[in-house]
Amino acid sequence: MKDRILDTDMSIEAHNLTKKFGDFIAVDSISLQVPRGEIFGFLGANGAGKTTAMRMLTGLLRPTSGSAFVAGYNIATDSEQVKRNIGYMSQKFSLYQDLKVWENIEYYGGLYGMSLRQIKEVTDLMMHKLDMDQERNTLVSQLPLGWKQKLSFSIAIMHRPRIVFLDEPTGGVDPITRRQFWNMIYETAREGITIFVTTHYMDEAEYCGRVAIMVDGRIEALGKTSELKTQFGASSMDEVFYMLARGAKRNE
Amino acid sequence: MISVSDISKSFGKKGEIKALSHINMEVREGELFGLLGPDGAGKTTLFRIVTTLMLPDSGLVTVGGYNAVKDFKILRSKLGYMPGRFSLYQDLTVAENLTFYASIFNTTIEANYHLIRDIYVQLEPFKARRAGALSGGMKQKLALCCALIHKPEVLVLDEPTTGVDAVSRKEFWQMLRRLKDEGITILVSTPYMDEASMCDRLALIQQGLILDQGTPDGLVSGFPDRLLSLATPDIYRAKAIVEKIDGVDDAYIFGESLHIKTAALNEKAIAAALAAHGVAAGEVRSILPSIEDVFLAKMHDVS
């Protein structure tokens, strides 16, 4: 198979992607396509295989079989290029609490291979956009949770990646912050950056364009949230998820 | 059953961190009452005061008529408390933890086994395992068993479903329903707006203030404005246009549709405004607000 796909409108293309750990099939032949600029939700109960799938898609774990192209690069043979072209944010771990705001930005910019000049430009723009000009020298630990989250997301896309992976980004935040956060996500998607969100909170799922639901390592449903609700005769994504996931053999 | 009147609590050397400001809340006997709010809203502080584990700066809490400060000894035998952080003994086994909690309340596992049976049968295969080695869902079930072992009249649970997946969450709420049917009054906190509908009544809390309380339907019907939803292929453009219409308070994208909050306008006015800008909008329809919408509206009222 050729190493670089030409169809760059597709941010993620996975074909029969599989990961086995010994006899255990963590991810069982999943296939999906995510076009550029889409907000794609990736749902599953604990133990369904979400994390393993995401670790493969971010170039951290080699698949046992099957293939996937992320940002146009083969995850098995070109994982370094994959890593350069993606961003990652998790609510659990994102920024260094004991570094200042500007230090975090410079640190991550450096990791992403940006020059100091580029980093300075991006920092100015980011601080202005987030209305955080007064907070450059503030320790991240001193920021309110909502600000941390917005900063963390902005840093995850500061190198203009093709795709950003968000791992349960808004659990436990207040509704105003969550709305603002999703507004940022929509703006980012509109600029052409693809958003891949993993979560097990169905209220986050409702914000996504399309979602895939994983059960026991397989994708059991994939489509727009409205389509899935119709397909399963459910009034909410929570119901759809429950119908699919309660039959799961594996948990945690 | 639980009466919270004018409770305030501050932390810090000069009391500069106001955790709770003049909280009033009433939980009736036999009800499943939810305290809904984001991280840092004051949920845990309030629960610690209700469960006699912390003294308020001012105000009064009574549980079943007993004063939470003066009568703490009596209350501790009437209350079951499941804290947010797993606080059982990690190096005791499942069975040892349960026996331990039963004995400090002068009871036995057998005496109140009917209360925990449904939950305990799921734990039984692991009863010789150390609690620290259990999965998250199993730890949670064990903690609930330990909080129930002395047959409390009131069960207080601090964020029992945080970090738990959707299926386990649903099962957990079903367990709470069954306990309510046994006559136990339940006070439970959660940061997840979508769990509001599982409660008989609930209070919304943010930055130490109660924003509103009532039944889930009552809170929704108290939403002051109209909420409209529209589907269009060009959602970003529609949003930009709608935001500029006089009388639109807020417009935000919600998955495939645009949600519009307005006090002044109806479906027709929005559709007409979009048509005037050449945006082909599908049907504009009125939708029921969610608890999140109610929460947002109340937050704006306060700030």
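Note that this is a predicted model, so its numbers are computed, not measured. Order of the sequence lines fixes the chain letters, A, B, ..., with proteins taken first and strands second; residue numbering starts at 1 for each chain.
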Can you check side-chain contact (heavy atoms from CB on, under 4.5 Å) on I253(B) and E187(A), steps first, answer last? CA-CA 10 Å; I253(B) 302 170; E187(A) 272 170 37; over 6 Å; no

Is the side chain of E256(B) donor-acceptor paired with the backbone N or O of T225(A) at a distance under 3.5 Å, no angle test? yes

Can you tell me if E16(B) has over 12 outside heavy atoms packed within less than 6.0 Å of its CD? yes

What is the minimum heavy-atom distance between R237(B) and R190(A), and which atoms define it? N-NH2, 4.4 Å

Between D174(A) and chain B, which part of the residue has a heavy atom less than 4.5 Å away: side chain, backbone, both or neither? both

Heavy-atom closest contact (Y236(B) atom, Y186(A) atom, distance): OH-O, 3.2 Å

Separation between OH of Y207(A) and CZ of F254(B), rounded to the nearest 0.5 Å: 5.5 Å

Taking only heavy atoms into account, what residues of residues 192-218 of chain B are found under 4.5 Å from chain A? Y192(B), M193(B), D194(B), Q206(B)

For chain A, which residues of residues 286-295 of chain B have heavy atoms nearer than 4.5 angstrom: E292(B), D293(B), F295(B)

Hey, what do you get for CZ (R169(B)) to CZ (F241(A)), rounding to the nearest 0.5 Å? 9.5 Å

Find the distance between CG (L296(B)) and OG1 (T177(A)) and round it off to the nearest 0.5 Å. 9.5 Å

Inspect the surroundings of CZ in R285(B) and state if more than 12 heavy atoms from other residues, nucleotides or ligands are less than 6.0 Å away. no

Heaviest contributor of heavy-atom pairs below 4.5 Å to chain B, chosen from P175(A), P144(A), S236(A), is P175(A)

R210(A) versus chain B, heavy atoms under 4.5 Å apart: side chain, backbone, both or neither? neither

I need the residue from A245(A), C208(A), S226(A), G209(A) with the largest number of non-hydrogen atom pairs under 4.5 Å to chain B. S226(A)

Step through the shown structure and confirm whether more than 12 heavy atoms of other residues, nucleotides or ligands are within 6.0 Å of CG on D133(A). yes

